[in-house]
There are 2 protein chains.
Amino acid sequence: MGVVRKTKSVKLLLEEFEKSSSAISVITLIERLDSEMNKTTIYRALDKLEDDGVLHSFLGKNGHKWYAKCNNCSAHHHHDVHPHFQCVDCGKVDCLSETVVIPEIPNRKVHFSQVLLQGTCEQCFN
Amino acid sequence: MGVVRKTKSVKLLLEEFEKSSSAISVITLIERLDSEMNKTTIYRALDKLEDDGVLHSFLGKNGHKWYAKCNNCSAHHHHDVHPHFQCVDCGKVDCLSETVVIPEIPNRKVHFSQVLLQGTCEQCFN
DNA sequence: CCTATATTTGCAACTAAGTTGCGTTAGCAA
DNA sequence: TTGCTAACGCAACTTAGTTGCAAATATAGG
Ligand SMILES: [Zn+2]
Ligand SMILES: [Zn+2]
Ligand SMILES: [Zn+2]
Ligand SMILES: [Zn+2]
């Protein structure tokens, strides 16, 4: 169904994603926007923004949910499948443009793939 | 520190993994062994078995923890990194022997990769 | 601008995976 | 058999995410 109203909550959430291109965890959004809106609102708005192809979600290293801006997705068709990189040092997560090739798996049909890389980012390299 | 005693709990857990080669979620283990042992015991024993290189763990599609037998791992050195396949139909999860090649990522050092494939397994294909 | 209506929100209560602290039990080696 | 210590059970806790409902608000139509 997606977002049908441009509410204050939706605007504030999208502003957060405009500030930087990195992904943001739901936990972080709840912390940052604590005084602006309820966590239930955050969960529901993110859900709808994903439906609309504005954001996409994935799970970070603890199984917690993260969101990031989509590049070329439309509603109900997230064709922007790419790996994500989480820095084990600073915790930052980014979408990668590199392609990970999934081999053919005998006797199985692969519909989705989810690749999370963990390591050290440029800032934390020293 | 790993397992140092062969307790009844450890034996019962390992029996579950001998029954089939598929991975088992912690949730399933807690259900199955409910009358045999406490869930805290299950969490702690699995943790130690992973330390010892007997089992390895990963996160399924909901971010819930799964365990499977290791093939060639030793304590503190899980070199058996491979993709996992979860059937979206029956929920079963298997370790795959296929190799997923992770490309070089500029400005980042990848230490660990985690690949979860979702799709339809052989049994659910019809 | 005003009103009707459906969407969105806040709140409080809930669910469920995983963790912690502590007193008791039980492997195992001497 | 005994003693030490790892492992266990239990209950209470933590926390990410969900649900139901009444109140608020965006938006279209008049
Ligand atoms: Zn970093
Ligand atoms: Zn992404
Ligand atoms: Zn299946
Ligand atoms: Zn595996």
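Hydrogens, waters and symmetry mates are skipped; everything else that's a heavy atom, side chains included, is used.
Hydrophobic clustering of Ile, Leu, Val, Met, Phe, Trp and Tyr side chains at less than 4.5 Å, counting indirect connections, unites B/Ile102 with A/Phe85.
Rounding to whole angstrom units, CD1 of residue B/Ile27 and C1' of C/dA16 are separated by 8 Å. For the pair A/Leu12 CG and C/dT8 C1', the computed distance is 14 Å after rounding to whole Å. If you take NE2 of A/His64 and C1' of C/dA16, they are 13 Å apart, rounded to a whole angstrom. Rounding to whole angstrom units, CG of residue B/Leu13 and C1' of D/dC8 are separated by 13 Å. Protein atom CG of B/Leu49 is 14 Å distant from nucleotide atom C1' of D/dA6, rounded to whole Å. For A/Asp47 and C/dT7, the CG to C1' distance is 15 Å, given to the nearest whole Å. Whole-Å rounding puts the A/Trp66 CH2 to D/dA16 C1' distance at 14 Å.
Side-chain contact between B/Cys95 and B/His84: present, with at least one pair of heavy atoms (C-beta onward) separated by less than 4.5 Å.
A/His56 places a side-chain N or O within 3.5 Å of a backbone atom of A/Ala68 that can act as its donor or acceptor partner. Listed for the B/Glu50 side chain is a donor-acceptor partner under 3.5 Å among the backbone atoms of B/Ser57. Between the A/Asn38 side chain and the A/Thr40 main chain, a donor and an acceptor come within less than 3.5 Å of each other. Between the B/Gln86 side chain and the B/Lys61 main chain, a donor and an acceptor come within less than 3.5 Å of each other. At least one donor-acceptor pair closer than 3.5 Å links the side chain of B/Asp52 to the backbone N or O of B/Val3. With hydrogens and angles ignored, the 3.5 Å screen pairs a side-chain donor or acceptor of B/Lys69 with a backbone N or O of B/Phe17.
Shown for residues 30-46 of chain A: residues whose heavy atoms fall under 4.0 angstrom of DNA chain C, namely A/Glu36, A/Met37, A/Asn38, A/Thr40, A/Thr41, A/Arg44.
Residues that satisfy the side-chain contact (heavy atoms from CB on, under 4.5 Å) test with A/Ser22, not counting sequence neighbours, are A/Ser20, A/Lys92, A/Asp94. For A/Thr28, the side-chain contact (heavy atoms from CB on, under 4.5 Å) criterion is met by A/Ile24, A/Ser25, A/Arg32, not counting sequence neighbours.
Among residue pairs with one or both ends in residues 34-46 of chain B, none qualify as salt bridge (Lys or Arg N to Asp or Glu O under 4.0 Å); sequence neighbours excluded.
Rounded to 10 degrees, the angle separating the terminal helix axes of the helix from C/dC1-D/dG30 to C/dA30-D/dT1, each built from five base pairs, is 30°.
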For this session: For nucleotides 24-30 of chain C, just jot down a letter per nucleotide in 5' to 3' order: B, S or -, based on protein non-hydrogen atoms under 4.0 Å.
Result: --BBS--
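Taking every side-chain heavy atom of A/Lys48 into account, C/dT8 is the closest of C/dG18, C/dT8, D/dG17.
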